[in-house]
Amino acid sequence: LSPTVNFALRISFYCALCLVVSALAAVACLLVNGGRTVKNMRIIKAFVKTFKYFFGLRFEVKGLENFKVEGPALIVSNHQSILDMMGLMEVLPDNCVQVGKKELMYMGSVGLIMYLGGVIFINRKSTSSAKMVMSEVAKTMVTENTKVWVYPEGTRNCTGDLLPFKKGAFHLAVQAQVPVIPVVYSSFTTFYNPKTKLFTSGKIKVEILPPIETKGLTSDDVTDLSDRCFSTMRETLFRLSGHPGEAKDSS
Ligand SMILES: CCCCCCCCCCCCCCCCC(=O)SCCNC(=O)CCNC(=O)[C@H](O)C(C)(C)COP(=O)(O)OP(=O)(O)OC[C@H]1O[C@@H](n2cnc3c(N)ncnc32)[C@H](O)[C@@H]1OP(=O)(O)O
Ligand SMILES: CCCCCCCC/C=C\CCCCCCCC(=O)OC[C@@H](O)COP(=O)(O)O
């Protein structure tokens, strides 16, 4: 099989698996919990955790104890590919919803399962409406004691480096006065690269970093907070990916 065909087959299989299993999981969610609730994430997680075996992916997780903070928290992580959904479910703590672009809602059964799991959809084309939704989330995460997972790069990026962070996640953490927990996944570039049609089996290192407190911070501190997270996450990314410091040139 040519690499192009092999890549297309594996990605198509991934999408088909997501669509079929989402439909099954949706039935399970509706039967067990009856509608849209973060409790459905447990069911979704149980299904998705089997996916890695189909693709020969292995996860090596460190720092899970850092999720054990009392009460709500904001989780930020790097975003490389649609495959990230597997890495997300591998470590997802209880009572945690993700922020996603609203276009994802229209992916058939995958959109349905995201809706049922409580995913917060934002319109990236309208800054004001995205900010409004996120301010609302800052309130509900405290009253409902939920964690929120945001990809601060705002889009997928498979270069082996981080894109500059958008500020929305950090405004959210400061408004809610909740700690920020950074999570870093090692670079996929050795086994997955859509440009060169590479998709083989591989190992992904995941590290959950210690929470960064935001108590007492105001909107003036958001840039600082974002920069701090960015530099710790970038350092961790390079360390986990085994090319400290020079990833920009080698990508
Ligand atoms: C069983 C089978 C299963 C199969 C599937 C199962 C699926 C299960 C669930 C899985 C779910 C996975 C979901 C994954 C989804 C991944 C994504 O979709 S990523 C894309 C969407 N996410 C994001 O974009 C989040 C990050 N983006 C941001 O935070 C942005 O800041 C923004 C809020 C979206 C706004 O972006 P933009 O319009 O580009 O504007 P900015 O330049 O960022 O900001 C302008 C300006 O405003 C300031 N600001 C931002 N937010 C606030 C705020 N809340 N309050 C006050 N001010 C704010 C910001 O600081 C800027 O000002 P500055 O002066 O320039 O600093
Ligand atoms: C009836 C409609 C049928 C539609 C069929 C679509 C099939 C797609 C099926 C499965 C794909 C699995 C997706 C899992 C969820 C991953 C979410 C994700 O990673 O979205 C990308 C988004 O973060 C960033 O978007 P951009 O990089 O800015 O773009």
Side-chain angles (χ1 to χ4, degrees), residues 10-29 36 38 40-51 54-55 74-92 96-139 148-159 163-176 180 185 188 194 218-227 229:
R10 279 171 66 97
I11 289 293
S12 308
F13 176 64
Y14 177 71
C15 293
L17 192 66
C18 285
L19 284 168
V20 171
V21 176
S22 290
L24 291 175
V27 175
C29 289
R36 175 167 158 102
V38 64
N40 285 327
M41 279 298 171
R42 278 191 172 209
I43 298 172
I44 298 168
K45 183 175 167 177
F47 279 104
V48 172
K49 281 186 87 170
T50 65
F51 286 16
F54 292 99
F55 302 96
L74 178 90
I75 301 167
V76 288
S77 77
N78 55 326
H79 192 12
Q80 304 187 61
S81 151
I82 51 171
L83 302 176
D84 283 339
M85 197 266 300
M86 286 186 274
L88 167 73
M89 292 299 165
E90 199 61 30
V91 299
L92 189 75
C96 181
V97 293
Q98 303 81 22
V99 170
K101 57 175 187 178
K102 79 168 187 351
E103 291 82 351
L104 297 172
M105 215 167 30
Y106 308 113
M107 292 198 308
S109 54
V110 172
L112 175 65
I113 201 67
M114 286 187 195
Y115 170 82
L116 289 173
V119 170
I120 299 147
F121 295 103
I122 57 166
N123 181 357
R124 290 190 300 189
K125 294 187 195 81
S126 162
T127 308
S128 63
S129 100
K131 281 191 207 173
M132 225 140 72
V133 170
M134 293 184 54
S135 302
E136 205 47 49
V137 172
K139 292 178 200 145
V148 178
W149 189 302
V150 182
Y151 293 100
E153 293 170 280
T155 189
R156 286 164 289 169
N157 160 46
C158 210
T159 59
L163 294 177
F165 284 176
K166 303 246 173 202
K167 304 269 173 62
F170 306 98
H171 281 288
L172 179 64
V174 167
Q175 283 165 16
V180 180
Y185 295 87
F188 294 178
T218 68
S219 61
D220 292 340
D221 304 310
V222 164
T223 303
D224 224 42
L225 176 66
S226 167
D227 290 348
C229 286

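As the structure lists them, so they are numbered: ligands from 1, and atoms in each ligand from 1.
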*Assign the ring pair Phe51 / Phe54 to parallel, tilted or perpendicular, where the plane angle (0 to 90°) is split at 30° and 60°.*
perpendicular
*Find all atoms of ligand 1 within a distance of less than 4.0 Å from any non-hydrogen atom belonging to Leu104, and give their numbers and elements.*
15 (C), 18 (O)
*Just need the protein heavy atom nearest to atom 12 (C) of ligand 1, so name the residue and atom and give the distance.*
Leu88 CD2, 4.0 Å
*Decide whether an N or O pair under 3.5 Å exists between Ser22 and ligand 1.*
no
*Should Met114 be listed as contacting ligand 2, given a heavy-atom distance under 4.0 Å as the test?*
yes
*Min heavy-atom dist Met89 to ligand 1 below 4.0 Å*: yes
*Does any N/O atom on His171 come nearer than 3.5 Å to any N/O atom on ligand 1?*
yes
*asked:* Would Thr155 count as being in polar contact with ligand 2, using the rule that some N or O on each side must be under 3.5 angstrom apart?
replied: yes
_Do Leu92 and Met41 have side chains that approach each other closer than 4.5 Å (heavy atoms only, starting at C-beta)?_
yes
_If I apply the N/O under 3.5 Å rule, does Gln98 come out as touching ligand 1?_
no
*At a non-hydrogen distance cut-off of under 4.0 Å, which region of Glu153 contacts ligand 1 (side chain, backbone, both, or neither)?*
neither
*Got the closest protein heavy atom to atom 66 (O) of ligand 1, with its distance?*
Lys167 NZ, 3.3 Å
*Considering only non-hydrogen protein atoms, determine which one is nearest to atom 36 (O) of ligand 1 and report residue, atom name and distance to 0.1 Å.*
Lys166 CD, 4.0 Å
*On the ring face of Tyr115, is Arg36 found with NZ or CZ under 6.0 Å from the centre and within 45° of the axis?*
yes
*asked:* Considering non-hydrogen atoms of the protein only, which is the closest contact for atom 22 (N) of ligand 1, and what is the distance?
replied: Ile122 CD1, 4.0 Å
_Nearest non-hydrogen protein atom, atom 32 (C) of ligand 1_ = Ala130 CB, 4.4 Å
*Classify the angle between the aromatic ring planes of Tyr185 and Trp149 as parallel (below 30°), tilted (30 to 60°) or perpendicular (above 60°).*
tilted
*asked:* Tell me whether Arg42 at atom CZ has more than 12 heavy atoms from other residues, nucleotides or ligands lying less than 6.0 Å away.
replied: no
*Got an N/O contact under 3.5 Å between Thr127 and ligand 1?*
yes
_Are any of the N/O atoms on Tyr106, whether in the backbone or the side chain, positioned under 3.5 angstrom from an N/O atom of ligand 2?_
no
*Please confirm whether Lys101 comes within less than 3.5 Å of ligand 1 when only nitrogen or oxygen atoms on both sides are compared.*
yes
*Out of Lys131, Met134, Glu136, Arg156, whose heavy atom is nearest to atom 48 (C) of ligand 1?*
Lys131
*Considering only NZ, NE, NH1 and NH2 on the basic side and carboxylate oxygens on the acidic side, decide whether Glu103 and Lys125 come within less than 4.0 Å.*
yes
*State whether the shortest distance between N or O atoms of Tyr151 and N or O atoms of ligand 1 falls below 3.5 angstrom.*
no
*Going from CG on Asp84 to CG on Asn78, what distance comes out if it is rounded to the nearest 0.5 angstrom?*
7.0 Å
*asked:* Distance under 4.0 Å to a non-hydrogen atom of Ile82: what atoms of ligand 2 satisfy this?
replied: 19 (O)
*Who's closest to atom 3 (C) of ligand 2 heavy-atom-wise, of Lys101, Arg124, Met107?*
Met107
*For ligand 2, which atoms sit closer than 4.0 Å to a heavy atom of Cys18?*
10 (C), 12 (C)
*For atom 61 (C) of ligand 1, state whether the nearest protein heavy atom is under 4.0 Å away.*
no
*Looking at ligand 2, does Leu104 have a heavy atom less than 4.0 Å from it?*
yes
*Ignoring angles and geometry beyond distance, decide whether Gly168 reaches within less than 3.5 Å of ligand 1 through its nitrogen or oxygen atoms.*
yes
